[in-house]
Participant: 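Take this structure, written in structure tokens, and hold onto it; I'll ask about it next.
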Protein chains: 2
Amino acid sequence: MDERKTRILEAIVKDYIESAEPVGSRTLARKHDLGVSPATIRNEMADLEMLGYLEHIHTSSGRIPSSKGYRFYVDDLLPPRPLGAREKALIDKWYRAKVKAIDEVFKETARIISRVTGNVSMVLAPQMNKAAFRCLQFLPLDDYRAIAVLMTDAGFVENRIVPLPDGASFEDFQRMARVINDTLAGVTLDALPPGSLKKIRAEIGDEEIYQAAIEIINRSLDNEKKERLYLGGTGEMLSQPEFRDVERVKEILLMLEEEELMRDILHAHVGNGLTVSIGQENDYKGAKDLSIITATYRLGGELIGTIAVMGPTRMEYEKAMALLDYMNGHLSEVVQKFRW
Amino acid sequence: MDERKTRILEAIVKDYIESAEPVGSRTLARKHDLGVSPATIRNEMADLEMLGYLEHIHTSSGRIPSSKGYRFYVDDLLPPRPLGAREKALIDKWYRAKVKAIDEVFKETARIISRVTGNVSMVLAPQMNKAAFRCLQFLPLDDYRAIAVLMTDAGFVENRIVPLPDGASFEDFQRMARVINDTLAGVTLDALPPGSLKKIRAEIGDEEIYQAAIEIINRSLDNEKKERLYLGGTGEMLSQPEFRDVERVKEILLMLEEEELMRDILHAHVGNGLTVSIGQENDYKGAKDLSIITATYRLGGELIGTIAVMGPTRMEYEKAMALLDYMNGHLSEVVQKFRW
DNA sequence: AGTTAGCACTCTTTTTCATAGAGTGCTAAC
DNA sequence: GTTAGCACTCTATGAAAAAGAGTGCTAACT
């Protein structure tokens, strides 16, 4: 990979990202001032194809970048470019206007991402079990039931209706809450230390109430393991010429509707900061011609959520990465603020 | 509209719903045993077109039903058919397997509807302000803040972080909660009787705490006026031949992403029980070639939510209506159960 | 040895044209 | 009132031709 090959590859990737059309040697020579003739470019292209950076649809159409080509472009050619001040200001303004509740932060984040990039965006809201336990309270409902309200570090409140076991009174539950609060304060929900359960059991005494307590904690965990997924831009996506085929669109929409699947895909891609996964590199076979960029946000060093862009491999990586990076910082900050 | 015209119109609508192709006289005569020749059918078709029940794309293609044609079909020709026992059993089973929390009832309802009808489905979860106030509680958070938990009749719990005004203690808040609970129990949130506010004010005494109380109630209302909208089947929809055109699909997806808009559309269509709105009849211009069927569910006579199917005017009305009717009853029941 | 011009060849896209098929509308006969 | 027949219209389909873009290779050039 000498200097010239690099420049030509870069030009091809850029052109293709812009035009969505296979790039030929002549056009390339005309548009970019590479200082060599189309013939030379053709030779270089043949080399680049041999090396696996480019692909050929058929004998006589221009080249398109392969996954490897994009990979090289993203890793070695893209200067990390921060988002422009104007865009930042716009985003901040949008947030201020739209966001009234914590839920909406995620929704609007997804919206902004899809608007700016023209692709599908996904936002995984913080997982409760990754957040630390803060406090558990009960509210009386009637003689048989109470509402358990569970709060975490990240500003989330979860509630659940729980039946009172026979013979237990609301006061028993209050006591149970006190014990649990004392024991679990600050503990991460997905890693309850085994000792703490024993301690709770000992403190509570009554076996039936202890079972109820465990039940509540487990139920909350159960539900919250499925973090909320916010999707945006399914309509936007159709502007991309690669989705002119309705069948393909259908496949993708069906995929997007499988929340479980999308969560799995996002989890698989989580890394440190920005992660780019290009075409073939994706594990899921329905995404072999898609690229996924993810960014993760943290709270106190602990990973609690993910935002992502998904689009055709021919994607404006630079823009998407800069945006994701910014939104990520933003989101971390917002979640931070909601911490108490 | 004599007997024969009616039969012919019915045959055309059914054929068109099934095939999505304009229906011609010859084919119609062959498939249905109408006892008359194609020529007669042609004459009748011409009449039906004159009367506005049928339409013509161009001189020599078969007829397709107009909005008026569908309307006649739906109103006068469709026998109200309940859902088959097998389907019902399937749905009930599905619910049992999938639904673990109240949220999921709505999500899965949307999913079932879109699966069965092959169209987009929408479910509006109960509005809090249509439900009756049940109880307000506070949980201490830190020295400056508390969590207000608001519960309603319909089984929903809403929480919100509220700052304690200067000089107020948590005990003041507890007292305030007591007053509010006593005063507002059973009152519908969107119609707080003016007298009750005065009463609360008098009881609380302290002006600042009173303001905080009002603030909390208002904020909750504010947020809950936007009931949750669950969407399903955007992928399913693409199986319909009328959506072979990507541009059209894009428009619809963009429309569906506008939650506000969708809510408005649903609200506009709400009636008693099943409502069918066909093509032109729709107010929103992006839905002029779509039909929307809605059903509303109630709690104690009060309307609290809506479920809907949206698809091309060429829709299996019979199936969709039967399904919606069943799901509706089901949902009313579920919400009822969650009542306390 | 690297670079370039030239040219034959390939493959796609677009256009044109002809044809087949489905359907209508009208007239005249039943 | 119903039907058969027929001319006419419009669409869909497919073949063939032409245009366009691009490659790969060879030979010439620096």
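By convention in this document, chain letters (A, B, ...) are assigned in the order of the sequence lines, proteins followed by strands, and residues within each chain are numbered from 1. Hydrogens, waters and symmetry mates are skipped; everything else that's a heavy atom, side chains included, is used.
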Participant: Taking side-chain contact (heavy atoms from CB on, under 4.5 Å) as the test, write out the residues that go with Glu108(B), two or more places apart.
Facilitator: Trp94(B), Lys98(B), Val99(B), Arg111(B)
Participant: Give the nucleotide from the list dT3(C), dT4(C), dT12(C) with an atom nearest to the side chain of Asn43(A).
Facilitator: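 Looking only at side-chain atoms, Asn43(A) lies closest to dT4(C).
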Participant: I'd like the 5' and 3' limits of the part of DNA chain D contacted by chain B, with heavy-atom contacts below 4.0 Å.
Facilitator: dT2(D) to dT11(D)
Participant: Give a yes or no answer on whether the side chain of Ser66(B) reaches the backbone of Tyr53(B) with a donor-acceptor pair at less than 3.5 Å.
Facilitator: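 Yes, the answer is positive, given that a donor and an acceptor are paired below the 3.5 Å cut-off.
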Participant: Mark yes when over 12 heavy atoms from residues, nucleotides or ligands other than Arg248(B) sit less than 6.0 Å from its CZ; otherwise mark no.
Facilitator: yes
Participant: Whole angstrom is fine here: how far is it from CD1 in Ile57(A) over to C1' in dT12(C)?
Facilitator: 12 Å
Participant: Both distances under 3.5 Å, Watson-Crick or G-U wobble: report the partner of dC11(C), or none.
Facilitator: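 Paired with dG20(D).
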Participant: In the strands shown, is dG1(D) matched to any nucleotide by a Watson-Crick or G-U wobble pair with both distances under 3.5 Å, and which?
Facilitator: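 Result: dC30(C).
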Participant: Would a distance-only check, ignoring hydrogens and angles, find a side-chain to backbone donor-acceptor pair under 3.5 Å from Glu257(A) to Gly233(B)?
Facilitator: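 Yes, the answer is positive, given that a donor and an acceptor are paired below the 3.5 Å cut-off.
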Participant: Can you measure Arg42(A) atom CZ to dG2(C) atom P for me and round it to whole angstrom units?
Facilitator: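 Arg42(A) atom CZ is separated from dG2(C) atom P by 18 Å.
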Participant: Which residues within residues 7-39 of chain B lie with some heavy atom under 4.0 Å of an atom in DNA chain D?
Facilitator: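 Output list: Val36(B), Ser37(B), Ala39(B).
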Participant: Looking at dA12(D), which nucleotide sits across from it as a Watson-Crick or G-U wobble partner, both distances under 3.5 angstrom, or is there none?
Facilitator: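 By the stated definition (distances under 3.5 Å), dT19(C) pairs with dA12(D).
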Participant: Under a 3.5 Å cutoff, is there a donor and acceptor pairing between the side chains of Thr117(A) and Lys319(A)?
Facilitator: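 Checked: Thr117(A)/Lys319(A) side chains show no N/O donor-acceptor pair below 3.5 Å.
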Participant: When you measure from the centre of the six-membered ring of Tyr230(A), is the NZ or CZ of Lys107(A) under 6.0 Å away and within 45° of the axis?
Facilitator: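 Checked: cation-pi criterion not met.
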Participant: Measure the acute angle between the ring planes of Tyr16(B) and Tyr70(B), then classify it against the limits of 30° and 60° as parallel, tilted or perpendicular.
Facilitator: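 Taking Tyr70(B) first and then Tyr16(B), their aromatic rings sit tilted (interplane angle of 30° to 60°).
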Participant: My understanding is that only one of Leu54(A), Ile57(A), Leu9(A), Leu28(A) makes a side-chain contact (heavy atoms from CB on, under 4.5 Å) with Arg63(A); could you say which?
Facilitator: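 Going through Leu54(A), Ile57(A), Leu9(A), Leu28(A) one by one, the side-chain contact (heavy atoms from CB on, under 4.5 Å) with Arg63(A) is satisfied by Leu54(A) alone.
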